[in-house]
Visitor: 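Quick one: structure below, then a few questions.
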Amino acid sequence: RQQAARASRRAEFFGKGDAIDRAADAALAETIAPARSEFKIAFSMKELMIAMTVATVAVGVLTSIGPEAVSMTFGLVALAGLAAHAAGVDPPRRVVLGWWISLVIYLAVGFFLLVRMAA
């Protein structure tokens, strides 16, 4: 791997484009991506009830501070979940379900605020 990196730097310095491509191909051939587990949407009723209870309590608490804060909070939670997924984190299914529920709540509250402001 170090030799491939050195060859790449030398080729870049001396202007040899083909050598860079070969060195990059050699370096990539050595790395093996970790296998990701297959995600299935199959939750038990217990997991769904726990997630809905947590979401209901969170909405109840955040509703007392105003819909704008609710939308912002759930939007940030959903964004953090999407960023973690993009970074390759493989969280438990309950956490994924919580992220999706927070995304749905974010969209629902945002739509509600949009309709309320238009009226």
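Every heavy atom of this structure was used, including side-chain atoms; hydrogens, water molecules and symmetry mates were not. All of these numbers come straight from a predicted model, not from anything done at the bench.
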Visitor: With hydrophobic residues grouped by side-chain heavy-atom distances under 4.5 Å, do L113 and Y106 end up in a single group?
Guide: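 Hydrophobic grouping puts L113 with Y106.
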
Visitor: Show me the side-chain donor-acceptor pairs of residues 45-52 shorter than 3.5 Å, one per line, residues at least two apart or across chains.
Guide:
residue : atom : partner : partner atom : Å
E47     : OE1  : S44     : N            : 3.2
E47     : OE1  : R93     : NH2          : 3.0
E47     : OE2  : R93     : NH2          : 3.2

Visitor: Who are the side chain to side chain contact (heavy atoms under 4.5 Å, CB included) partners of A84, not counting sequence neighbours?
Guide: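 V89, W99.
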
Visitor: Linking directly or through intermediates, with side-chain heavy atoms under 4.5 Å: list the remaining ILVMFWY members grouped with F111, chain and number order.
Guide: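 Via sub-4.5 Å side-chain contacts, F111 links to V115.
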
Visitor: What's the spacing between L107 CG and F112 CZ if we round to 0.5 Å?
Guide: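 Here the interatomic distance stands at 15.0 Å.
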
